[in-house]
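What follows is a single structure, written as structure tokens, with notes after it.
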Amino acid sequence: MRKLIVALTLLTGSLSWQVSAESTLTFNKEIGPLVLNGSEVATDIFSSPSKLTLEAGTNQVLFALGQLVVEDGRRTKFNSVPFILRFSAPTDDVVLSYQPFRTMEEAKKFDHDPRFVLKSASGEMIPFQLESLHVNGMQGMKNYEKAVQKYNQKGTGIAVLSTEQLAPVGKPSVKPKTVNAASSQRAILEAGFNDLSAQEQQAFMMWAMKNLKNAS
């Protein structure tokens with residue numbers, strides 16, 4: 001009986017350590033996560049999640065911020081370029097924040113010289129690597145996951161995550177799905193569209209709108 005109690009105590013301690021080893025990253029309400037460790041963050045049309053679950057060890061997050069500012073006496077929305085962040089997650093929860101700005105001029109300065117603070121729940125400052133990542137494409141149609149993949153493959157950025165670090169642990173293999181000719185053609189078009197420059201995408205959209213088929 002005593003051995004059983006000891007075994008249960010050890011098991012409980014092991015499970016508690018596993019739970020405590022998992023931490024979360026919380027964002028200011030103006031900050032929207034886009035990609036976490038190579039996988040696109042699920043969002044809806046109105047909002048982004050304010051918290052993400054971190055993996056033990058190194059994590060990489062692509063995010064952007066949008067804040068209301070004053071420009072020419074009127075309130076307008078400022079949307080930053082995406083920023084890519086890499087840091088080593090502690091066992092404690094982490095908060096990413098910044099000093100809000102008031103005017104569009106201050107916002108543009110921040111875009112070129114971003115100042116973020118990454119701090120644990122216990123108040124410890126967490127070191128990180130950060131730089132901006134310009135993503136081609138029209139607003140709402142940008143492929144952020146692919147942009148991060150290219151960034152990591154290029155391997156010259158300060159916040160790069162290596163292939164080994166991105167490899168999922170214990171993730172079940174996914175069998176390829178059979179696709180029909182229509183979905184295959186769409187996939188080819190989408191892939192080609194994502195490879196176009198911003199100007200080429202806009203020109204293509206203009207052509208597509210002029211050549212829309214009438215639904216019958």
Side-chain angles (χ1 to χ4, degrees), residues 23-43 46-55 57-72 74-90 92-162 165-166 194 197-198:
S23 58
T24 60
L25 172 60
T26 303
F27 302 88
N28 275 41
K29 64 179 182 179
E30 294 86 359
I31 300 176
L34 302 168
V35 178
L36 173 64
N37 296 326
S39 298
E40 188 176 3
V41 174
T43 60
F46 300 107
S47 63
S48 298
S50 61
K51 289 187 179 182
L52 295 178
T53 302
L54 300 174
E55 297 177 0
T58 305
N59 285 260
Q60 183 191 63
V61 185
L62 181 73
F63 64 91
L65 65 88
Q67 186 195 303
L68 289 174
V69 295
V70 177
E71 184 179 26
D72 298 329
R74 294 180 297 178
R75 289 166 65 85
T76 185
K77 182 74 173 289
F78 167 77
N79 293 304
S80 76
V81 298
F83 298 103
I84 192 158
L85 173 80
R86 189 190 71 198
F87 65 98
S88 183
D92 207 354
D93 291 341
V94 184
V95 177
L96 180 67
S97 61
Y98 74 104
Q99 183 64 43
F101 27 77
R102 297 184 302 107
T103 65
M104 181 61 77
E105 185 180 351
E106 291 174 349
K108 289 178 179 178
K109 286 181 180 178
F110 182 93
D111 223 15
H112 289 91
D113 184 22
R115 304 289 177 93
F116 290 99
V117 175
L118 191 62
K119 190 183 291 188
S120 70
S122 58
E124 179 188 0
M125 300 295 289
I126 308 298
F128 59 87
Q129 289 74 42
L130 176 121
E131 66 178 325
S132 57
L133 181 66
H134 294 276
V135 182
N136 292 329
M138 296 176 65
Q139 192 66 31
M141 298 184 68
K142 297 180 180 181
N143 192 330
Y144 295 107
E145 188 174 319
K146 186 175 181 180
V148 171
Q149 183 183 11
K150 287 183 176 180
Y151 172 83
N152 287 323
Q153 287 173 347
K154 192 175 180 181
T156 56
I158 61 174
V160 163
L161 210 59
S162 67
Q165 290 171 314
L166 278 171
N194 288 327
S197 67

Exercise. So, for Gln60 and Leu161, which heavy atoms are closest and what is the spacing to 0.1 Å?
Worked result: NE2-N, 3.4 Å

Seminar exercise, completed: One should read off an interatomic distance between Phe63 CZ and Leu130 CG, to the nearest 0.5 angstrom, of 5.5 Å

For this session: Please confirm whether the backbone N or O of Ala159 pairs with a side-chain atom of Tyr151, one donor and one acceptor, at under 3.5 Å?
Result: yes

Problem set entry | Considering all heavy atoms, the nearest Asn28-Ser97 contact | OD1-CB, 3.1 Å

Problem set entry | Nearest heavy-atom neighbours spanning Asn136 and Lys142 | O-CG, 3.7 Å

For this session: Supply the atom-to-atom distance Thr26 OG1 to Leu52 CG, rounded to the nearest 0.5 angstrom.
Result: 8.5 Å

For this session: Decide yes or no for Val94 and Leu25: does some side-chain heavy atom of the first lie under 4.5 Å from some side-chain heavy atom of the second?
Result: yes

Problem set entry | Student check: side-chain heavy atoms of Pro100 and Gln67 closer than 4.5 Å | yes

For this session: Look at the side chain of Asn59 and the backbone N and O of Phe87, then say whether any donor-acceptor pair between them is shorter than 3.5 Å.
Result: no

Problem set entry | CA sep, side-chain torsions, deciding dist, call: Phe110, Tyr98, side chain to side chain contact (heavy atoms under 4.5 Å, CB included) | CA-CA 10 Å; Phe110 182 93; Tyr98 74 104; 4.1 Å; yes

Problem set entry | Within-4.5 Å side-chain heavy-atom neighbours: Pro82 and Ser132 | no

Problem set entry | Gln129, CD: over 12 other non-hydrogen atoms inside 6.0 angstrom | yes

Problem set entry | CD-CG distance between Glu30 and Asn79, expressed to the nearest 0.5 angstrom | 12.0 Å

Problem set entry | Beyond-backbone contact of Val61 with Leu36, side-chain heavy atoms, under 4.5 angstrom | yes

For this session: Looking only at non-hydrogen atoms, find the nearest pair between Arg86 and Val160 and report the distance.
Result: NH1-O, 2.7 Å

Exercise. For the ring pair Phe116 and Phe27, is the centre-to-centre distance below 6.0 Å?
Worked result: no

Exercise. Under the 3.5 angstrom rule, does the side chain of Glu131 hit a backbone N or O of Ile158 as a donor-acceptor pair?
Worked result: yes

Exercise. To the nearest 0.5 Å, how far apart are CZ in Arg75 and CG in Leu68?
Worked result: 5.0 Å

For this session: Locate the shortest heavy-atom distance separating Pro49 from Val41; write the atom from each residue and the value.
Result: CG-CG1, 3.5 Å

For this session: Decide yes or no for Phe101 and Lys108: does some side-chain heavy atom of the first lie under 4.5 Å from some side-chain heavy atom of the second?
Result: no

Exercise. With sequence neighbours left out, which residue pairs that include part of residues 114-125 fulfil the salt bridge (Lys or Arg N to Asp or Glu O under 4.0 Å) condition?
Worked result: Asp113-Arg115

Exercise. Can you tell me how far CG of Leu62 sits from OH of Tyr144, rounded to the nearest 0.5 angstrom?
Worked result: 8.0 Å

For this session: Using a 4.5 Å cut-off on heavy atoms from C-beta on, say whether the side chain of Asn152 contacts that of Ser162.
Result: no

Exercise. Between Asp92 and Ser23, is there a donor-acceptor pair closer than 3.5 Å when you use the side chain of the first and the backbone of the second?
Worked result: no

For this session: Ignoring hydrogens and angles, tell me if any N or O in the side chain of Asp93 forms a donor-acceptor pair with the backbone of Thr24 under 3.5 Å.
Result: yes

Exercise. Can Leu118 and Met125 be said to form a side chain to side chain contact (heavy atoms under 4.5 Å, CB included), step by step?
Worked result: CA-CA 6 Å; Leu118 191 62; Met125 300 295 289; over 6 Å; no

Exercise. Is the backbone of Arg102 close enough, under 3.5 Å, to the side chain of Glu106 for a donor and an acceptor to pair up by distance?
Worked result: yes

Exercise. If only atom types and distance count, is the side chain of Ser80 paired as donor or acceptor with the main-chain N or O of Leu65 below 3.5 Å?
Worked result: yes

Problem set entry | Interatomic spacing from CD in Glu40 to NZ in Lys146 - rounded to 0.5 Å | 13.0 Å

For this session: Kindly determine whether Ile31 and Leu96 satisfy side chain to side chain contact (heavy atoms under 4.5 Å, CB included), including the steps that lead there.
Result: CA-CA 9 Å; Ile31 300 176; Leu96 180 67; 4.2 Å; yes

